[in-house]
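Step one of this worksheet: look at the structure below.
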Amino acid sequence: MEQEDLREKYISYIKNKTRKKFLILFSIYQLMFFITVILSLNFQLINIVYLIYCLDVDIIVSIFTYVLIYKKPKKNKNKDILMMFSLNVYPEIQFLIDKDDFLIGRKIDSVNGYIENQDVISKIHARIIRVGNNFFIKDEESLNGTYLNDKKINEDDVTPLKIGDIVKLANIEFKIK
């Protein structure tokens with residue numbers, strides 16, 4: 001029951017993210033349309049009338065689309081953080097997860113949680129997602145797998161995390177605190 005609620009929150013989070021991407025793309029379209037109309041003007045009266053008509057229709061469509069598609073999510077000011085401590089690696093690896101989307105891997109310029117000198121870790125190994133005050137882990141098609149409490153996480157699964165869980169990335173174990 002609780003796991004289903006967490007999955008629903010995650011799905012809602014993904015939908016909101018998709019809406020934002022759509023709005024960005026739609027805004028780029030609006031800008032391109034405006035530039036095209038401006039460039040096509042030859043300072044003739046008919047073109048100015050056409051411009052005014054098109055911009056009015058375009059603005060109305062933009063506002064209507066914005067109202068229908070974009071629904072601002074409620075902001076939670078008291079977002080939780082998660083800490084991960086390695087159990088079997090020296091020196092100890094620690095991650096403070098305070099973002100909504102946290103990538104772990106060995107490609108330093110692509111991840112938030114960098115694990116160095118470990119060839120068993122994929123470049124982008126796993127993703128930790130925060131939805132509200134709940135955290136989820138997802139395997140990012142890693143070669144050596146991601147495990148939660150000794151159970152392998154499938155590439156398509158998004159699994160909830162809780163305090164005390166043991167996350168294993170390839171052969172490196174982390175405790176959730």
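In this text the structure is predicted, and so the values were computed from the model without any measurement.
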Are [X] and [Y] connected in the hydrophobic side-chain network, where two residues link if heavy atoms are under 4.5 Å apart?
X      : Y      : answer
Val111 : Ile129 : no
Ile124 : Tyr114 : yes
Ile128 : Ile163 : yes

(message) Can you give me the closest heavy-atom contact between Leu148 and Pro160, atom names plus distance?
(response)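 Taking Leu148 first and Pro160 second, the nearest heavy atoms are CD2-O, 3.6 Å.
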(request) Over all heavy atoms of both residues, which pair between Leu169 and Ala126 is shortest? Give the atoms and the distance, please. (result)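 Leu169 and Ala126 have their closest heavy atoms at CD2-CB, 3.9 Å.
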(request) Report the distance from atom CD1 of Ile153 to atom CD1 of Ile137, rounding to the nearest 0.5 Å. (result)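 These two atoms lie 4.5 Å from each other.
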(request) Measure the spacing between OG of Ser142 and CD1 of Ile104 and express it to the nearest 0.5 Å. (result)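 Here the interatomic distance stands at 11.0 Å.
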(request) Assess whether atom CG of Asn88 is packed by more than 12 heavy atoms of other residues, nucleotides or ligands within 6.0 Å. (result)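 Atom CG in Asn88 is crowded, with more than 12 foreign heavy atoms closer than 6.0 Å.
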(message) Counting only heavy atoms not in Glu155 (residues, nucleotides, ligands), do more than 12 fall under 6.0 Å from its CD?
(response)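 Yes, CD of Glu155 has more than 12 neighbouring heavy atoms, counting only those of other groups under 6.0 Å.
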(message) With side chain to side chain donor-acceptor pair (under 3.5 Å) as the rule and sequence neighbours excluded, what pairs involving residues 164-177 come up?
(response)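 Side chain to side chain donor-acceptor pair (under 3.5 Å) check on residues 164-177 returns Asn149-Asp165.
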(message) The criterion is side-chain contact (heavy atoms from CB on, under 4.5 Å); which residues satisfy it with Asn154, sequence neighbours excluded?
(response)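 Listed in chain order: Asp157.
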(message) Just to verify, what does Asn144 make a side-chain contact (heavy atoms from CB on, under 4.5 Å) with, not counting sequence neighbours?
(response)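 So Asn144 forms a side-chain contact (heavy atoms from CB on, under 4.5 Å) with Val120, Ala170.
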(request) Output every pair passing salt bridge (charged side-chain N to carboxylate O under 4.0 Å, His left out) with a member in residues 104-120, not counting sequence neighbours, ordered by first then second residue. (result)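 Every candidate salt bridge (charged side-chain N to carboxylate O under 4.0 Å, His left out) pair involving residues 104-120 fails, so no pair, neighbours aside, qualifies.
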(request) Would you indicate whether the side-chain heavy atoms of Asn134 and Phe136 approach each other to under 4.5 Å? (result)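 A side-chain contact under 4.5 Å exists here.
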(message) Working note: Ile176 + Leu82, criterion side-chain contact (heavy atoms from CB on, under 4.5 Å); need CA distance, chi angles, decisive distance, verdict.
(response) CA-CA 7 Å; Ile176 304 294; Leu82 193 71; 3.3 Å; yes
Could you go through residues 89-97 and list every donor-acceptor pair under 3.5 Å that involves a side-chain atom there, pairing it with any protein atom two or more places apart or in another chain?
from: Glu92; atom 1: OE1; to: Gln94; atom 2: NE2; distance (Å): 2.7

(message) Taking transitive links into account, so neighbours of neighbours count too, which hydrophobic residues share a cluster with Ile166 at under 4.5 Å side-chain distance?
(response)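 Leu87, all in the cluster of Ile166.
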Do [X] side-chain atoms and [Y] backbone N/O form a donor-acceptor pair below 3.5 Å?
X      : Y      : value
Asp98  : Ile81  : no
Ser86  : Phe174 : no
Arg127 : Phe102 : no
His125 : Gly145 : yes

